[in-house]
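See structure below.
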Amino acid sequence: MKIATFNINGIKARAAALTAWLDAAQPDVAILQEIKSVDENFPRELLEERGYNVETHGQKSFNGVAILSKLPLEDVTRGLPGDDDDEQARWIEATVVGKTALRLCGLYLPNGNPAPGPKFDYKLAWMERLETRARALLASEEPAMMAGDYNVIPQPEDAARPEAWVEDALFRPESRAAFQRIVNLGFTDALRTRLRGPGHYTFWDYQAGAWARNNGIRIDHILLTPQAADLMRDVGIDKEIRGYDKPSDHVPVWVDLDL
DNA sequence: ATGGTGGCCGAGCCA
């Protein structure tokens with residue numbers, strides 16, 4: 001079962017690029033971020049006619065996450081627990097059942113810039129809530145994954161020019177430490193099991209010819225519980241679509257699990 | 001680089 005995460009940067013602007021990628025890559029599950037749409041305006045039919053079940057957690061203009069799945073999605077929940085006043089749509093969960101059940105968590109972690117400031121505080125507070133949810137997933141001792149745009153550059157080798165990011169919320173020590181704490185609970189950073197060293201990026205800014213210069217960063221991650229990591233057959237980045245027409249500034253990251 | 005690009009939506013905000 002091929003499961004991908006993809007920050008599409010707006011479903012309206014990305015409908016053509018998204019469907020072209022789905023038709024070519026044929027993921028069984030696609031976890032989307034930054035749909036930038038309310039649920040009522042999400043083009044479900046476009047995806048349902050391709051055989052996907054669609055679950056969204058949208059909001060007007062900003063953020064918004066979704067899960068597309070060729071197998072039925074069960075026990076869908078929306079919103080990251082831990083703050084009833086948080087109105088930003090950044091978290092969705094569902095269970096997909098293959099040979100065994102897999103709990104899917106799709107996330108769009110706050111950007112946090114400028115740092116320091118209230119947006120950075122929100123990012124770090126959100127990461128504390130994420131850690132709490134992550135601990136519960138591990139305690140379940142079942143196959144589960146947390147996939148999405150983490151807005152964290154974990155290590156210097158995850159940026160083409162790490163020196164350019166030292167003051168940025170994506171690379172500040174507090175952000176990196178919070179990410180590492182979560183991984184260290186017992187998760188596997190799926191990409192790093194197969195693709196090591198520098199040069200494996202998932203985002204290239206629209207500005208200053210970042211794609212042409214390969215000035216990228218790795219901020220889209222798939223974290224697996226041990227029970228999910230045991231099922232992993234392959235992992236990859238569909239980077240070529242960054243060079244197609246009207247691309248997102250992110251590209252898909254995927255895992256193939258034996259389930 | 002107080003700009004550089006792009007998406008939201010129709011003026012700024014967000015990234």
Side-chain angles (χ1 to χ4, degrees), chain A residues 5-21 30-44 46-47 56-66 80 85-91 106-127 130 147-154 158-172 174-176 178-179 201-221 239-253:
Chain A
T5 175
F6 188 9
N7 181 323
I8 58 172
N9 189 20
I11 184 60
K12 298 176 193 70
R14 215 64 62 212
L18 174 63
T19 53
W21 168 71
I31 298 170
L32 307 180
Q33 302 87 40
E34 283 206 272
I35 64 173
K36 295 187 174 181
S37 166
V38 293
D39 296 333
E40 308 85 81
N41 292 343
F42 192 84
R44 312 177 58 88
L46 203 58
L47 306 158
T56 61
H57 179 38
Q59 74 178 80
K60 184 179 164 69
S61 298
F62 304 119
N63 308 318
V65 289
L80 180 62
D85 294 329
D86 186 357
E87 295 180 350
Q88 300 193 29
R90 297 178 175 275
W91 182 268
L107 67 104
Y108 175 48
L109 205 147
N111 175 292
N113 281 303
K119 290 186 178 179
F120 192 54
D121 295 341
Y122 173 66
K123 176 178 196 155
L124 296 179
W126 203 94
M127 293 186 83
L130 175 59
D149 177 359
Y150 280 73
N151 268 315
V152 174
I153 303 167
D158 295 312
R161 298 184 58 238
E163 69 280 4
W165 296 91
V166 289
E167 299 294 329
D168 195 284
L170 278 60
F171 194 53
R172 291 191 57 115
E174 300 95 324
S175 308
R176 294 176 55 197
F179 180 81
Y201 309 132
T202 66
F203 169 93
W204 294 259
D205 202 292
Y206 289 120
Q207 305 179 56
W211 169 248
R213 297 164 190 264
N214 194 26
N215 181 17
I217 52 177
R218 188 175 77 97
I219 55 175
D220 299 272
H221 309 298
K239 71 178 286 187
E240 69 285 349
I241 69 167
R242 183 62 179 79
Y244 293 179
D245 284 344
K246 298 283 285 179
S248 172
D249 40 6
H250 296 251
V251 296
V253 182

Query raised in the report: Roughly how far apart are A:Leu18 CG and A:Ile35 CD1, rounded to 0.5 Å?
Result: 11.0 Å
Query raised in the report: Quick one: A:Asn111 CG to B:dG7 P, roughly how many Å, whole number?
Result: 17 Å
Query raised in the report: Is the closest side-chain donor-acceptor distance between A:Asp220 and A:Thr202 under 3.5 Å?
Result: yes
Shorter than 3.5 Å, N or O on both sides, protein versus nucleotides 4-6 of chain B: list them out with atom names.
| from | atom 1 | to | atom 2 | distance (Å) |
| --- | --- | --- | --- | --- |
| B:dG4 | N9 | A:Gln207 | OE1 | 3.2 |
| B:dG4 | N3 | A:Gln207 | OE1 | 2.7 |

Query raised in the report: Expressed in whole Å, how much space separates the C1' atoms belonging to B:dT2 and B:dG12?
Result: 16 Å
Requested in this report: Provide the distance between the two P atoms, one in B:dC9 and one in B:dC14, to the nearest whole Å.
Outcome: 15 Å
Query raised in the report: With a non-hydrogen cut-off below 4.0 angstrom, is A:Tyr108 in contact with a base, only sugar-phosphate, or nothing?
Result: sugar-phosphate
Report task. Considering only atom C1', compute the distance from B:dG4 to B:dA15 and round it to an integer number of Å. Result -> 13 Å
Report task. Measure from CD on A:Gln59 to C1' on B:dC14 and round the result to the nearest Å. Result -> 11 Å
Query raised in the report: Testing A:Trp204, A:Tyr201, A:Phe203 for ring pair (Phe, Tyr, Trp, His ring centres under 6.0 Å) with A:Trp211, which one passes?
Result: A:Trp204
Report task. Indicate yes or no: at least one non-hydrogen side-chain atom of A:Trp21 is less than 4.5 angstrom from one of A:Val251. Result -> no
**Report entry** Residues A:Asp149 and A:Gln33: side-chain donor-acceptor under 3.5 angstrom
**Finding:** no
Requested in this report: Please state how far atom CD1 in A:Ile153 lies from atom C1' in B:dA15, giving the value in whole angstrom units.
Outcome: 13 Å
Query raised in the report: Between A:Asn111 and A:Lys119, do the side chains contain an N or O donor and an N or O acceptor separated by less than 3.5 Å?
Result: no
Requested in this report: Grab the CG-C1' distance between A:Leu109 and B:dC14 for me, whole Å please.
Outcome: 16 Å
Requested in this report: Would you mind reading off the distance between A:Asn113 atom CG and B:dC13 atom C1', rounded to a whole angstrom?
Outcome: 14 Å
Query raised in the report: In whole Å, what separates the P atom of B:dG3 from that of B:dC13?
Result: 15 Å
Query - Earlier contact from the 5' end, DNA chain B, for A:Lys12 and A:Arg90 - result: A:Lys12
Report summary line: A:Glu34 CD to B:dA15 P, in whole Å, measures 7 Å
Query raised in the report: What nucleic acid atoms does A:Arg213 come within less than 4.0 Å of, heavy atoms only: base, sugar-phosphate, or nothing?
Result: nothing
**Report entry** Side-chain donor-acceptor pair present, A:Asp205, A:Asn215, cut-off under 3.5 Å
**Finding:** no
Report task. Let me know the distance between NZ of A:Lys119 and P of B:dC13, rounded to the nearest Å. Result -> 9 Å
Query raised in the report: Separation of A:Gln33 atom CD from B:dG7 atom C1', in whole Å?
Result: 16 Å
**Report entry** Nearest-Å distance once atom C1' is located in both B:dG6 and B:dG10
**Finding:** 16 Å
